[in-house]
Amino acid sequence: MPIVRQLFDRTRQISIAFRDAGRLREIVSILLKHGFGYLLRDVEVPGMGTVDAGPEDAALALAQKDAPERALRVINELGPTFVKLGQILSTRPNLVPPAFIEAFQQLQDQVDPIDFEAVQAQLLINLGEEKVKLFKHIHPTPLASASIAQVHRATLESGEEVIIKVQRPGVRETLLQDIEVLKFLGRQVESNFPEAKLLDPVGIIKEIERSVRAECDFMTEANNLKRFSKNFEERDTVLIPQLFPELTTSEILTERYIAGAKITQADQAGHDPRARGPHP
């Protein structure tokens, strides 16, 4: 029944496109604004018609000196889903030229934080008023801010120093909506440019979807933390932060604060990467 299947897929693509037509038009408009419209040449966009990006050659356009910086601006302007896409692509030298990888690596630390009021609202929604009272103080300035969540230091009423990982409000819904739009665009690109199938854009997007669904459930991270703690409980050279299960949900993760340095900054922090601690 291949014909029936094709019709079903096509109908589904059209329904997705019209349901998320506003976001689809926004994505296309931003790509056009920054000179990447040729990636969607001949793609039919509801409310905009067929994308006409001129005769520009894609390979030559991507080789332009400022293309990585323009791509970075596109990603930051489009928001969390595309930041996550850029982060994943920054680890895929088989798919992305070195100049783009270097630009996309900046995405690891350059995401605007959400307001502290939104953080407090997330805590109340997920933990309830009584449990929020267990936090004696929460530092309003985040330690880190990423595409899905941001981290704040806090002190419990017991005096323990902790960090709270707070999911951005509504980010899961936004990410999954954008992924559906990206699937639609990926299928359109594969249909219009058969050579694009070699890169498997739809497959890449599905890989991102699996990653996003896992990252948006903090209980997965909490369970991994428990597993690591058990696996390394007899090794004094590995320190795993303590999890606070009563202050952890699918959108909030609370664990003991441990001062340290990124592995990429270990030398600057005075750590000897060649040193080895004793084995138990």
Side-chain angles (χ1 to χ4, degrees), residues 9-41 43-48 51 53 68 70-92 95-96 100 103-114 118 122 145-150 166-193 196 199-218 220 250-251:
D9 288 344
R10 181 60 180 165
T11 302
R12 183 173 179 272
Q13 289 180 37
I14 292 172
S15 66
I16 289 170
F18 278 95
R19 185 184 66 207
D20 300 326
R23 179 57 170 163
L24 177 60
R25 288 193 293 270
E26 180 183 12
I27 291 170
V28 173
S29 296
I30 290 172
L31 286 169
L32 286 167
K33 181 175 77 172
H34 292 286
F36 290 101
Y38 55 85
L39 296 174
L40 301 175
R41 186 183 294 115
V43 169
E44 184 73 26
V45 180
M48 292 181 70
V51 177
R70 287 189 286 114
L72 195 61
R73 289 197 293 271
V74 168
I75 288 171
N76 281 317
E77 194 167 339
L78 286 172
T81 308
F82 291 83
V83 170
K84 177 57 60 181
L85 172 63
Q87 289 172 343
I88 291 173
L89 291 177
S90 73
T91 66
R92 300 292 296 273
L95 297 177
V96 181
F100 284 84
F104 292 167
Q105 285 173 345
Q106 300 176 44
L107 294 165
Q108 305 298 330
D109 300 305
Q110 293 186 354
V111 181
D112 292 335
I114 57 174
Q122 278 288 77
S145 183
S147 57
I148 289 177
Q150 67 186 44
V166 182
Q167 191 166 130
R168 291 172 175 265
V171 71
R172 185 179 186 276
E173 293 74 17
T174 299
L175 288 167
L176 294 179
Q177 178 195 41
D178 279 357
I179 284 169
E180 288 302 320
V181 173
L182 283 171
K183 285 180 185 176
F184 168 78
L185 290 175
R187 293 187 185 102
Q188 290 287 317
V189 169
E190 286 185 357
S191 176
N192 291 337
F193 303 99
L199 295 176
D200 190 18
V202 176
I204 293 171
I205 294 163
K206 288 181 178 179
E207 179 182 333
I208 293 168
E209 181 179 17
R210 287 191 293 271
S211 171
V212 163
R213 287 185 183 276
E215 286 194 50
C216 284
D217 184 359
F218 290 177
T220 299
S250 63
E251 296 186 357

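Here the OG1-CD1 distance, from Thr81 to Ile148, works out to 8.5 Å after rounding to the nearest 0.5 Å. Between atom CZ of residue Arg73 and atom CG of residue Leu78 there is a gap of 13.0 Å, rounded to the nearest 0.5 Å. Within the model, atoms CG of Leu175 and CD1 of Ile208 stand 10.5 Å from one another, a figure rounded to the nearest 0.5 Å. The distance from atom CG of Leu89 to atom OG1 of Thr91, rounded to the nearest 0.5 Å, is 7.5 Å. Rounding to the nearest 0.5 Å gives a distance of 10.5 Å between CZ of Arg210 and CD1 of Ile179. Of the inter-residue distances, the one linking Leu32 atom CG with Ile27 atom CD1 reads 12.0 Å to the nearest 0.5 angstrom.
No salt bridge links Glu190 with Arg187; every basic N to acidic carboxylate O contact stays at or beyond 4.0 Å. Salt-bridge formation is not detected for the pair Lys206/Glu209: no Lys NZ or Arg NE/NH1/NH2 atom is positioned less than 4.0 Å from an Asp or Glu carboxylate oxygen.
Under the salt bridge (Lys or Arg N to Asp or Glu O under 4.0 Å) criterion, Lys33 pairs with Glu77, not counting sequence neighbours.
Across all their heavy atoms, Ile75 and Gly86 have their closest contact at CD1-CA, 4.0 Å. Of all non-hydrogen atoms in Val202 and Lys183, the two that sit nearest each other are CG2-O, 4.3 Å.
With hydrogens and angles left out, the side-chain atoms of Ser147 and Arg168 include no donor and acceptor closer than 3.5 Å.
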